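To keep things clear, I will list the structure first and then write my remarks on it.
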Amino acid sequence: MAAHLSSGRVNLTALREAGRRELREFLDKCAGSKAIVWDEYLTGPFGLIAQYSLLKEHEVEKMFTLKPGRLPQADVRNIIFFVRPRLELMDIITDNVRREDRGRSPQRDFHILFVPRRSLLCEQWLKEQGVLGSFIHREQYSLDLIPFDGDLLSMESESAFKECYLESDQTSLYHAAKGLMTLQALYGTIPQIFGKGECARHVANMMIRMKREFPGSQNSIFPVFDTLLLLDRNVDLLTPLATQLTYEGLIDEIYGIQNTYVKLPPEKFAPKKQGEGGKDLPTEPKKLQLNSAEELYAEIRDKNFNAVGSVLSKKAKIISAAFEERHHAKTVGEIKQFVSQLPHMQAARSSLANHTSIAELIKDITTSEDFFDNLTVEQEFMSGIDTDKVNNYIEDCIAQKHSLIKILRLVCLQSVCNNGLKQKVLDHYKREILQTYGYEHILTLNNLEKAGLLKLQTGGRNNYPTIRKTLRLWMDDVNEQNPNDISYVYSGYAPLSVRLAQLLARPGWRSIEEVLKMLPGPHFEERQQLPTGLQKKQPEIIQRNFPRSRGLGLLSQRTQAAASGSRSVLCYGWWLGRQSRPC
Amino acid sequence: MSRARADEEEYWHSSKFRAFTFDDEDDELSQLKESKRAVNSLRDIVDDDDDDLEKVSWSGEPVGSISWSIKETASSSSSLEGRDQPQKGSSSYAALPKQVSSYSLSNLFKGRNRLPSLPSLSDDYSNDWSPRDTVRRMQRGKVCSLERFRSLQDKLMLLDEAVAGHDGNVITAVLIFLKRTLRREVLFRELEVRQVALCHLIHFLKETGEQKLLLDLLRFLDRTEEVALSQYREHLNIQDVEKKREFLKGCIGLPFSAEDISHIQDHYTLLERQIIIEANDRHLAMAGQSEIFRKYPRKASILNMPLVTTLFYSCFYHYTEAEGTFSSPTNLKKTFKIPDKQYVLTALAARAKLRAWEDVDALLTTKNWLGYTKKKAPIGFHRVVEILQRNNAPVQVLQEYVRLVEDVETRLNLATKYKCHDVVIDTYRDLKDRIQLMAYKCKVERGSAEEEKINSLLSNM
């Protein structure tokens, strides 16, 4: 099930295994048969750690979603609630417990597993409702870093940026640090930590503090990672604002990827079997998991969408040829061999069918006039053209009442590429937005300003051109088919975060001191002492772009032939969630 | 208003800015088609019945995944209690938050006024933890009593330790304790020099809806703009429009920034207008005497709609009214200083929807002081054409405006697209383009007036 986790440079199966072990240990504490009542939000992330079969092996016989009312009948010894520590969920649990029939026999035992942590406030709340005593085990399960793929971990904490910058709530940083401590416990102490930005600094500080406070954390594992790079989201606000143009990126832009799953319109995937006459057309969206376990997806996910078509057609030819083989199979041995390959071929065929359909869906959008116009404006901004005046296309979109998110993304992009907008320009956009979308969006605009996504140009100096030139953020000659530079992912724009990682690997950040000072927050370097005998001699690898995914990425070589270094770098960043909700 | 077409062309061809297009459109399309064809033809070969292969149930959920199993195991028992039916009345379930991460503690309190009184936790068996140890224990999810910290100094040490740990769960817990045990002035004063803790408290107060304390705190800190915004935000929670109007009126005096204040004023004025219009129109519609309301019944009330939507509404139902009435478009335009462009765009959309082509004509006609009339469109005639076309304007109407599109290429494109033959022919004539004219001949109907026109032009060229 988890083959995709071991395919990368670092075998992440160990991290997943640690998570599963913790889960098993908890389940075994509650002896006997059990039912789990799920906070629905958690099923996605948990699904990446464990399947139902694991739970079943530990006597989980039933599973329900958490809702008010009476708990369903289930002939089990234990009822376990898997919940986030939130008061409104505590109310539902209280309701469930109160309605439990006391007279029934045998009695069922209750337990709570808080994810990612226990909260004394929640427990106090349960106590005041008079039900705390009903729970035998109250524990926490820290689901901090979830292995997503061979080279990607995520905290699935969509609102971390908002919490840190709008609400000044840095709890998610605490969890990031904790997750990294767990990672070090499994993969050895990471000797070097580099970072840029306020929040990055906090995370590094917490890690150092945690290490000091728990001297036991000093381990004797040979370090797998030799550098950790912490990047604050606000260092690179530009990248998540631009439209992603890789295959995976576009799937996310258009349909949204949640916990590695995507939901697609069902029409294109209708099973065309003979004799069914299309009567049972599915109405539920088609749900697909996207990860590198799927050979074809691993090959095309990071390609520029313009390069996907040719791969698909090549695959189609190969598969067709493979199926043709059956005509040449004459002897029993040959036929036998053909048959033995059939399952693999069928899997390849259905994978090709899915991705061909998805590519068609995406193509409908990328070939539309509006997609083209939107992209044109984005690219103008990113390459520094006309960023200081009111843009016609944005005005037109407002007049036609395009989605507010789209408008805000463009306006913020312009603001970032101009190091803030001139008073006149900013006022104009604000007025148009408020008049068209409603005055209450004063609050939305205010929040954007507070988070730094939208700002007034002060001091009259725009330093974006300097940043762009020094870091080579805009590349003129992009090869989308056979890329030799990361700028292919946005057909011209090279993500700032990726450039920072590349430059760190070679020749080092000292070469870009000036630009680093223009970007917000401190940059720093920390060294963690390794026990003697664990120092590494031969350095390793570097890796991948993940334009807007959230979480922790092991930069991967997958997309980048000319990797700019030869060390294993762990890159941590705050990535803005796909859509920030207004207000 | 937009870059001249020719410039733009040159810009695309000469410059580095590549657009996102498929280099070879046909090739790319055929590639997708090719793989599609292959997939389809393979369908015949492969027996589709063994669905085991994918192990995916139709909804796409892999068999054996957790969410799939919930459905499975739940459905086997659902018949017993009928619990699976969605509980319509139960708002608390519907309101289950999905979006918010599980990390931030502050969200935990959303809409709570009554909070658990923290400290009385009795299962705290130890008695002498230092502030630092207490915080550490709390971080590990252990239960601790805070009551022992009695002196101000101890309490502040506790807070500082919590802040140093960056764990919002603990910081908020300590703040709740301090808020309960310290005098307000002392708390505010100490928080002023502890920004992180201060932010947590502000966020906490926002979430729990302790508006009064929040405003006091912000005022104490002299963050007047925030006070204003925070107060203004409250209007989102007011359902009753009359109350909302009163509330907004009260907001006008608040210390907003200079730019915001005019918007707030407008917000109030707009709602005030909408209330008047709504009352009038509902009455009119019910009475059934107004033709427009009978023919095009209102789909929704105009209350709380954005300004531009309101303008559209007024252009739709009240277009001919004199400027003196509150519901007339010109009055709205004046009151809210709506720019010409925005006004024309909205009015055009509304009148085109009603197929009132004379209004469209009048809207785009200006008279100079000599009495000559001239067509003018602040939004550009190509946009006019777009809007009219979307509302299925007849070719005669459409072509009048297509003709006015300034840029030749755009004009030709639009004219060809919407079959305004006359415009196409005249344009080629002006360009003296015989070849194109001849080519266009096959696009018009045989024996039509257009064909004749082309023929006569060709013989004269």
Side-chain angles (χ1 to χ4, degrees), chain A residues 41 43 46-47 51-53 62-64 67-68 72-73 84 86-87 116-118 120-121 124-125 128 140 157-159 163 167-175 206 273 284 286-288 309-310 312-313 316 320 323 346 349 352-353 356 375 379 392 399 434-439 442 476 491, chain B residues 1-2 16-17 19-20 22 28 31-32 34-36 38-39 42 45-46 48 53-54 59-61 64-67 69-70 73-74 77 80-81 83 90 92-93 98 100-106 108 112 116 118 141 143 166-169 173 199 203 229 233 259-260 263 267 306-308 345:
Chain A
Y41 177 93
T43 57
F46 260 92
Q51 298 282 298
Y52 181 49
S53 55
K62 297 271 191 246
M63 309 224 278
F64 309 108
K67 38 182 125 166
Q73 289 284 351
R84 288 167 292 164
R86 308 175 64 95
L87 289 189
R117 61 171 318 166
R118 277 173 81 166
L120 47 164
L121 288 154
Q124 180 65 34
W125 184 255
E128 287 185 4
Q140 64 181 11
S157 172
E158 288 177 36
S159 50
E163 284 160 21
E167 290 150 10
S168 306
D169 177 344
Q170 300 182 334
T171 311
S172 55
L173 300 182
Y174 171 79
H175 285 273
M206 274 184 266
K273 283 187 192 170
E284 262 185 65
K286 167 98 169 163
K287 202 170 167 193
L288 278 178
S310 61
L312 290 180
S313 90
S320 300
F323 275 102
Q346 284 175 332
R349 182 206 49 110
L352 180 67
T356 306
L375 198 67
Q379 301 213 333
N392 278 322
L434 296 179
Q435 291 189 339
T436 308
Y437 298 91
Y439 289 106
I442 291 174
D476 288 338
S491 294
Chain B
M1 60 171 252
S2 68
K16 50 205 183 196
F17 308 105
F20 191 68
F22 295 100
E28 179 69 25
Q31 280 176 343
L32 269 186
E34 199 178 324
S35 52
K36 180 121 183 136
V39 166
L42 292 178
I45 304 171
V46 187
D48 238 318
L53 193 64
E54 282 181 67
S59 65
E61 203 83 58
S65 81
I66 287 179
S67 37
S69 313
I70 289 178
T73 62
S77 64
L80 293 169
E81 302 250 338
R83 183 172 170 274
S90 144
S92 63
Y93 178 64
K98 297 233 166 93
V100 193
S101 87
S102 37
Y103 295 119
S104 167
L105 179 95
S106 334
L108 205 131
R112 298 283 167 169
L118 245 199
V143 174
H166 290 284
D167 181 350
N169 192 357
C199 291
H203 185 52
L229 280 168
R233 188 191 190 88
E259 310 99 74
D260 284 347
H263 297 312
H267 191 176
L307 175 61
V308 171
L345 210 57

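Just so it is clear, the model here is predicted, and its values are computed rather than measured. A note on names: the letters A, B, ... follow the listed sequences, proteins ahead of strands, and every chain is numbered from 1. Just the heavy atoms: all of them, side chains too, but no hydrogens, waters or symmetry mates, feed the values below.
- For B:Leu345, the part lying near chain A is the side chain, with the backbone staying farther off; criterion is any non-hydrogen pair under 4.5 Å.
- In terms of heavy-atom proximity, A:Gly438 sits nearest to B:Pro306 at N-CB, 3.6 Å.
- Expressed to the nearest 0.5 Å, how far CG of A:Leu434 lies from NE2 of B:His263 amounts to 5.0 Å.
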